[in-house]
A.B. asks: 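Supplied in structure tokens, the structure appears directly below.
In this chain, numbering begins with 1 at the start of the sequence shown.
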Amino acid sequence: MRPWAGSTSRPARTRRWANGALPADEGRAFADALRQARESGSRTARWLRGAFWRNFQVKYREVNDLHKQMLRVSDKVEAMPPGPARDAALDHLYRGQSNDCYWHGLFGGIYLPHIRAATLSHLIAAEDIAEEVAGAHASAEVLDVDLDGRDELRLATAGQVVTVDLDEGAGIGSWDLRAARHALTSVLRRRPEAYHETLRRHEGKVATAATTNGTGAESDAAGAAPASIHEMVRVKEAGLADRLIHDDYERRSGLIRVLPLDATAEAWGAGGRGDLGDFVSAPFAVDRLDDTGAQLSRTGAVTVDGMTVPVRAQSELRLAGDRLDPTLEQRVSLENLGAAPLEARIGIEYAITMLGGGGNPEAWWDIGGARTAHDATSSARGVERVAQGNGWLGVELESTVSPAADAWVAPIETVSNSESGFERVYQGSALLLSWPVRIAPGERWSAAIRHAVTVSEDRAGSGAATRAVAGG
């Protein structure tokens with residue numbers, strides 16, 4: 001079931017360039033040490049190989065989540081009785097174990113959203129088949145899904161699987177649509193990488209060259225040895241260093257954001273930073289758990305203009321619907337426990353992928369009645385409905401809001417390096433539904449968002465097990 005999960009046998013390119021598994025500051029230090037050893041002709045250069053490949057699971061939360069999802073699915077498939085359904089699930093499981101997006105190096109890895117989506121699609125399909133055979137589609141449980149020693153919340157129905165990271169903002173870490181086999185919240189966090197410093201140095205040299213000789217290009221030293229693919233610096237567009245934006249917290253969905261009252265869509269960008277409260281990455285408690293959802297809460301604080309106000313936040317999640325029409329409802333409330341009023345912009349932030357990179361005509365947003373590409377930036381005031389979708393995936397997601405909210409949308413883009421050069425990579429879109437509010441001492445403010453998914457076709461046919469028995 002697990003051809004490499006417990007093995008140290010890895011492709012040569014991963015073993016050689018596992019410095020990418022190091023934290024960004026350690027990666028820069030390693031690169032400097034390796035360069036100095038080579039330039040000095042030191043024999044120690046031959047033994048410098050960076051980190052062990054398993055450290056990718058430490059550096060990238062997304063890799064660890066993917067790996068642990070694969071292990072959970074593997075256990076479920078292994079428990080299936082022999083037969084066509086198990087064979088079909090096993091085929092999907094093996095496809096979901098393709099190693100490409102379990103790491104990151106010069107060749108993209110976890111940064112490539114289409115590879116990530118394909119891998120997760122097969123894991124979703126394998127789990128769907130296994131759980132249908134076991135009659136275990138519906139569940140609500142607290143367990144350590146990512147094996148970090150801390151419990152998460154897993155909510156599942158016939159149409160969807162939602163995991164909630166209790167210790168990190170009660171954010172939705174994954175939201176998988178079974179019938180479409182699509183991972184809605186598979187969006188990568190923007191984080192520093194050691195090679196970002198290489199990009200900054202390169203653009204600095206280009207700017208200097210443009211000033212001194214007017215060419216805007218660097219000139220190679222005569223007789224210099226050709227650079228290897230790992231040492232060459234290419235860029236696909238100018239000004240990429242200015243796009244190196246890093247998120248303060250993981251890109252989860254349903255996060256409670258507290259922004260300045262005068263915050264703008266432009267200042268918010270695609271979110272990920274600049275929060276006045278401590279709700280986006282701090283622990284929440286489970287107040288209630290039942291078959292259809294859970295109520296979570298945290299007593300935290302918001303600091304505005306140097307004044308700290310204690311606030312109790314509650315988030316209630318409810319799942320309903322069937323395979324082709326699953327729904328997820330979130331109700332959020334904030335209670336001012338302090339002696340001073342709280343004035344701020346309260347928002348619920350989501351990170352969603354509809355595979356909309358490159359202006360994909362199949363992927364779209366509908367904000368305030370205006371349709372745009374899914375990688376576009378847009379905003380609207382006082383809306384009660386926001387919709388998005390992808391025709392190729394056969395997925396539409398309509399979100400209704402009460403009370404009416406301001407809707408801000410922006411692309412989440414990373415800057416990564418590949419064999420063809422530094423480039424922007426569209427990871428997904430950030431959606432902020434927010435309200436400028438004033439909460440007096442002792443008062444409570446609340447809002448509700450209902451997400452309704454429409455899947456045009458069940459990719460498992462009339463049922464995962466039925467399709468598998470038929471040889472699908």
A.B. asks: Do any N or O atoms from the side chain of R181 and from the backbone of A125 form a donor-acceptor pair under 3.5 angstrom?
C.D. replies: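 Judged by distance alone, no pair lies under 3.5 Å.
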
A.B. asks: Just wondering, more than 12 heavy atoms not from E384 lying within 6.0 Å of its CD?
C.D. replies: no

A.B. asks: I need the T372 OG1 to W364 CH2 distance, nearest 0.5 Å.
C.D. replies: 10.0 Å

A.B. asks: Could you tell me whether R154 and E131 make a salt bridge, using a distance below 4.0 angstrom between a side-chain N and a carboxylate O?
C.D. replies: yes

A.B. asks: Less than 4.0 Å between a side-chain N and a carboxylate O, is that true for R116 and E62?
C.D. replies: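 Result for this pair is no, no salt bridge flagged.
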
A.B. asks: Does W103 form a side chain to side chain contact (heavy atoms under 4.5 Å, CB included) with V63? I'd like the steps, not just the answer.
C.D. replies: CA-CA 7 Å; W103 64 287; V63 170; over 6 Å; no

A.B. asks: Could you tell me which residues satisfy side-chain contact (heavy atoms from CB on, under 4.5 Å) with D91, sequence neighbours excluded, listed by chain and number?
C.D. replies: R95

A.B. asks: Residues in side chain to side chain donor-acceptor pair (under 3.5 Å) with D278, at least two apart?
C.D. replies: R298

A.B. asks: Any idea how H104 and Y111 line up, ring-wise: parallel (<30°), tilted (30 to 60°), or perpendicular (>60°)?
C.D. replies: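 H104 and Y111: tilted rings.
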
A.B. asks: What closest approach, in Å, do I256 and Q314 show between heavy atoms, and which atom pair accounts for it?
C.D. replies: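 The pair with the smallest heavy-atom distance is CD1-O, 4.4 Å.
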
A.B. asks: Starting at CG of L120, measure out to CE of M70 and round the result to the nearest 0.5 Å.
C.D. replies: 11.5 Å

A.B. asks: Evaluate S434 against R257 for side-chain hydrogen bond (donor to acceptor under 3.5 Å, both in side chains), listing each step before the verdict.
C.D. replies: CA-CA 8 Å; S434 66; R257 295 295 315 275; over 6 Å; no

A.B. asks: Restricting to non-hydrogen atoms, name the atom on L93 and the atom on L123 that form the minimum distance, rounded to 0.1 Å.
C.D. replies: CD1-CD2, 4.2 Å

A.B. asks: Would you call R459-D128 a salt bridge at under 4.0 Å N-O?
C.D. replies: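 Result for this pair is no, no salt bridge flagged.
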
A.B. asks: Do the non-hydrogen side-chain atoms of D375 and N360 ever get within less than 4.5 Å of each other?
C.D. replies: no

A.B. asks: Report yes or no: does Y350 contribute a side-chain atom to a donor-acceptor pair with the main-chain N or O of L432 at less than 3.5 Å?
C.D. replies: no

A.B. asks: Might you point out which heavy atoms bring L255 and G171 nearest each other, and give the distance in Å?
C.D. replies: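 Minimum heavy-atom contact is CD2-CA, 3.6 Å.
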
A.B. asks: Please round to the nearest 0.5 Å and tell me the distance separating atom CD1 of I129 and atom CG of L90.
C.D. replies: 10.0 Å

A.B. asks: Would I348 and V401 satisfy side chain to side chain contact (heavy atoms under 4.5 Å, CB included), going step by step from the backbone distance to the final call?
C.D. replies: CA-CA 11 Å; I348 313 299; V401 190; over 6 Å; no

A.B. asks: Are side-chain heavy atoms of L431 and I352 found at a separation under 4.5 Å?
C.D. replies: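 Side chain of L431 against side chain of I352, heavy atoms only: no contact under 4.5 Å found.
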
A.B. asks: Where the side chain of D176 meets the backbone of A183, is there a donor-acceptor pair that is under 3.5 Å apart?
C.D. replies: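 Looks like no, no N/O pair under 3.5 Å.
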
A.B. asks: Please list, chain by chain and in numerical order, all residues satisfying side-chain contact (heavy atoms from CB on, under 4.5 Å) with R385, sequence neighbours excluded.
C.D. replies: D366, A387, E398

A.B. asks: If you compare all heavy atoms of T185 against all heavy atoms of W175, which two are closest, and at what distance to 0.1 Å?
C.D. replies: OG1-N, 3.1 Å

A.B. asks: I'd like to know whether R312 forms a side-chain hydrogen bond (donor to acceptor under 3.5 Å, both in side chains) with S297, so could you lay out the CA-CA distance, the side-chain angles of the two residues, the decisive distance to 0.1 Å, and finally the verdict.
C.D. replies: CA-CA 7 Å; R312 177 174 174 79; S297 68; 3.2 Å; yes

A.B. asks: Under a 4.5 Å cut-off applied to non-hydrogen side-chain atoms, are L319 and V162 in contact?
C.D. replies: yes

A.B. asks: Only one of R251, R150, R189 passes salt bridge (Lys or Arg N to Asp or Glu O under 4.0 Å) with E168; say which it is.
C.D. replies: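 So the option named by the test is R150.
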
A.B. asks: In Å, rounded to the nearest 0.5 Å, how long is the span from OG of S121 to NE2 of H114?
C.D. replies: 13.5 Å

A.B. asks: Are the charged groups of D247 and R190 less than 4.0 angstrom apart, N to O?
C.D. replies: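 Yes, this pair counts.
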
A.B. asks: For D325, is there any backbone N or O sitting under 3.5 Å from a side-chain donor or acceptor partner on D322?
C.D. replies: no

A.B. asks: I'd like to know whether H374 forms a ring pair (Phe, Tyr, Trp, His ring centres under 6.0 Å) with W365, so could you lay out the CA-CA distance, the side-chain angles of the two residues, the decisive distance to 0.1 Å, and finally the verdict.
C.D. replies: CA-CA 5 Å; H374 205 265; W365 278 105; 4.8 Å; yes

A.B. asks: So which atom in G321 and which in T327 form the shortest heavy-atom distance, rounded to 0.1 Å?
C.D. replies: N-OG1, 4.1 Å

A.B. asks: Find out whether I449 and H451 are in side-chain contact, i.e. whether some heavy atom of one side chain is under 4.5 Å from a heavy atom of the other.
C.D. replies: yes

A.B. asks: Donor-acceptor pair, D165 side chain versus D167 backbone, under 3.5 Å?
C.D. replies: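 No, the answer is negative, given that no donor and acceptor are paired below the 3.5 Å cut-off.
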
A.B. asks: Would you call Q69 and D65 a side-chain contact if the rule is heavy atoms closer than 4.5 Å?
C.D. replies: no

A.B. asks: Is there a side chain to side chain contact (heavy atoms under 4.5 Å, CB included) between V332 and S315? Walk through the geometry before answering.
C.D. replies: CA-CA 5 Å; V332 170; S315 177; 4.2 Å; yes

A.B. asks: Salt bridge or not between K59 and E193? Use side-chain N to carboxylate O under 4.0 Å.
C.D. replies: yes

A.B. asks: Taking the side chain as everything from C-beta on, heavy atoms only, tell me whether R72 gets closer than 4.5 Å to D75.
C.D. replies: no

A.B. asks: Working to the nearest 0.5 angstrom, can you tell me the gap between H202 NE2 and R234 CZ?
C.D. replies: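 Reported to 0.5 Å precision, the distance equals 11.0 Å.
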
A.B. asks: Is it the case that the side chain of H122 and the backbone of Q97 share a donor-acceptor pair, with hydrogens and angles ignored and the cut-off at 3.5 Å?
C.D. replies: no

A.B. asks: Return the CZ to OH distance between R200 and Y195, rounded to the nearest 0.5 Å.
C.D. replies: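 Here the interatomic distance stands at 11.5 Å.
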
A.B. asks: Does E250 come within less than 4.0 Å of R191, counting only side-chain N to carboxylate O?
C.D. replies: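 Yes, E250 and R191 are salt-bridged.
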
A.B. asks: Within a strict 4.5 Å, meaning less than it, do heavy atoms of the H182 and I124 side chains meet?
C.D. replies: no

A.B. asks: If we ignore hydrogens and angles and just use 3.5 Å, is the side chain of S253 paired with the main-chain N or O of A351 as donor and acceptor?
C.D. replies: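 Yes; at least one donor-acceptor contact below 3.5 Å.
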
A.B. asks: Among residues at least two apart in sequence or on other chains, which ones pass side-chain contact (heavy atoms from CB on, under 4.5 Å) with D290?
C.D. replies: R288, T292, R318

A.B. asks: Anything under 3.5 Å between a donor and an acceptor, one on a side chain of residues 405-414, the other on a protein residue two or more places apart or in another chain? List them.
C.D. replies:
| unit_1 | atom_1 | unit_2 | atom_2 | d |
| --- | --- | --- | --- | --- |
| D406 | OD1 | G382 | N | 3.1 |
| D406 | OD2 | R345 | NH1 | 2.9 |
| D406 | OD2 | R345 | NH2 | 3.3 |
| E413 | OE1 | R424 | NH1 | 3.3 |
| E413 | OE2 | R424 | NH1 | 3.4 |
| T414 | OG1 | V425 | O | 3.4 |
| T414 | OG1 | Q427 | NE2 | 3.0 |

A.B. asks: Using only atom types and a distance under 3.5 Å, with no angle test, would you say the side chain of R178 pairs donor to acceptor with the backbone of T157?
C.D. replies: yes

A.B. asks: Looking only at heavy atoms, which two atoms of A179 and L324 are closest? And how far apart?
C.D. replies: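 Closest pair (atom of A179, atom of L324, distance): CB-CD2, 4.0 Å.
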
A.B. asks: Mind checking side-chain contact (heavy atoms from CB on, under 4.5 Å) for I115 and listing every partner two or more places apart, or none if nothing turns up?
C.D. replies: D100, C101, L112, T119

A.B. asks: Check whether N64 reaches the backbone of D146 with its side chain - one donor and one acceptor, N or O, closer than 3.5 Å.
C.D. replies: yes

A.B. asks: Look at the side chain of Q160 and the backbone N and O of P326, then say whether any donor-acceptor pair between them is shorter than 3.5 Å.
C.D. replies: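 The answer is no, because no donor-acceptor pair under 3.5 Å joins these two groups.
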
